[in-house]
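The figures here come from the full heavy-atom set of this structure, side chains too, leaving out hydrogens, waters and symmetry mates. All chains are named by letter (A, B, ...) in the order of the sequence lines, taking the proteins before the strands, and each is independently numbered beginning at 1. This is a predicted model, so every value here is computed, not measured.
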Amino acid sequence: MADTISIASWNINSVRARLDIVERFLAEEGPDILCLQETKVVNDTFPAGLFRQYGYNHQMLNGQPMHHGVAIVSRIPIREDDRLDWQANGEARHIGVRLDNGVRLENVYVPAGGEEPDRTINPKFGQKLDFLERMIEWSSALSDKPTILTGDFNIAPLECDVWSHKALINTVSHTPVEIALLARLQASHDWVDLGRHFVPAPERLYTWWSYRARDWSESDRGRRLDHMWVSRSLADKAVSHRVVEPARGWARPSDHVPIITEFAF
DNA sequence: ATGTCGAGGATACCTCGA
């Protein structure tokens, strides 16, 4: 008998500022496992009780003061957490666990990269590129370990992953150099991009809309920054993949919405 | 592109990062 497990990923942009919409998401969608990015909270003040109320008794946290921070909360056992610091700069951008069936789940928050797509004048952009290079090294060494890689990659690779390819070609998140690096990362483990596995190009598929739009829904200037990738051997275990777009319209939203994949292992 | 969030310092707004 197949074991069905749903796994969600959500850049929450401060988990403490989003208690109401987190609760709504848990009540309405109730994934078995939720990967969070940008928790913006140290581990001691993570709102563990709220998640426990909804049965998420397994919690693996990698927080830091003020910025970044990732977490995996789960209703089913998760073990062997590890926290990779790819750039050895102390930033909390990764947490990985192993499920009881042996599958690894890796939750990552790739650096945003600042405004200017030029590492000589914008060190943050260089940091983003270097981070991806380290991820490629890590990914290349995974060999045949069945792995799920999810999170906020901060890159929208395809033309149909942004509202306007022309307008954003020089905007960080959609520049050719970032897209080339993401393609190398994907090739390094033959990762299957479940977003496009279930919603093939050129169909519109976004997971992020800027706070700066007057009406995010009407202008619909979205980008697909959040991803769920799996090892080739896991691709046929994924039975559905959804973007919970209405969450962008909830009160006090994150600028990202959750993605949810259901697996039949 | 425009111009909106959240965190946290030392406030009754500012800077930074996104």
Rounded to whole Å, please give me the gap between [atom1] in [X] and [atom2] in [N].
X        : N     : atom1 : atom2 : result
A:Trp250 : B:dC5 : CH2   : C1'   : 19 Å
A:Gln37  : B:dG6 : CD    : P     : 18 Å
A:Arg16  : B:dC5 : CZ    : P     : 19 Å
A:Ile21  : B:dG6 : CD1   : C1'   : 13 Å
A:Trp216 : B:dC5 : CH2   : P     : 14 Å
A:Glu218 : B:dT2 : CD    : P     : 19 Å

Under 4.0 Å, heavy atoms only, any strand: does [X] hit a base, just the sugar-phosphate, or nothing?
X        : result
A:Arg221 : base
A:Ser210 : nothing
A:Trp209 : nothing

- Atom P, compared across B:dA10 and B:dC16: separation rounded to whole Å: 14 Å
- Task: Using the C1' atom as the reference point in each nucleotide, state the distance between B:dG8 and B:dT2 in Å, no decimals.
- Result: 26 Å
- Salt bridge check: are A:Asp85 and A:Arg83 linked by an N-O gap of less than 4.0 Å? no
- Query: Would A:Arg184 and A:Glu133 pass as an ion pair if we require N to O under 4.0 Å?
  - Reply: yes
- Query: Taking the hydrophobic residues Ile, Leu, Val, Met, Phe, Trp and Tyr, and joining any pair whose side-chain heavy atoms are under 4.5 Å apart, which ones share a cluster with A:Phe25?
  - Reply: A:Trp10, A:Ile12, A:Val15, A:Leu19, A:Ile21, A:Val22, A:Leu26, A:Leu34, A:Leu36, A:Val41, A:Phe46, A:Leu50, A:Phe51, A:Tyr54, A:Tyr56, A:Leu61, A:Val73, A:Val244, A:Trp250, A:Ile260
- Summarise protein proximity over nucleotides 10-18 of chain B in one line of letters, 5' to 3': B for base, S for sugar-phosphate only, - for none, counting protein heavy atoms closer than 4.0 Å. -------SB
- Message: Which residues pass the side chain to side chain contact (heavy atoms under 4.5 Å, CB included) test with A:Pro253, not counting sequence neighbours?
- Response: A:Arg248
- Item | Listed partners of A:His189 passing ring-ring contact (aromatic ring centres under 6.0 Å, His included), at least two apart | A:Trp191
- Item | Upstream residue (5' side of DNA chain B) when A:Pro253 and A:Leu168 are each assigned their closest nucleotide | A:Leu168
- Message: Judged by each residue's nearest nucleotide on DNA chain B, which is more toward the 5′ side, A:Val15 or A:Arg223?
- Response: A:Arg223
- So ring-ring contact (aromatic ring centres under 6.0 Å, His included) across residues 79-101 of chain A, not counting sequence neighbours, yields A:Trp86-A:His94, A:Trp86-A:Phe131, A:Trp86-A:Trp138
- Message: For a quick test of reading the model: is some side-chain N or O of A:Arg252 closer than 4.0 Å to OP1 or OP2 of B:dG6?
- Response: yes
Please list every donor-acceptor pair under 3.5 Å in which a side-chain atom of residues 140-148 of chain A meets a protein atom from a residue at least two apart or in another chain.
| residue | atom | partner | partner atom | Å |
| --- | --- | --- | --- | --- |
| A:Ser140 | OG | A:Ile136 | O | 2.7 |
| A:Thr147 | OG1 | A:Lys145 | O | 2.9 |

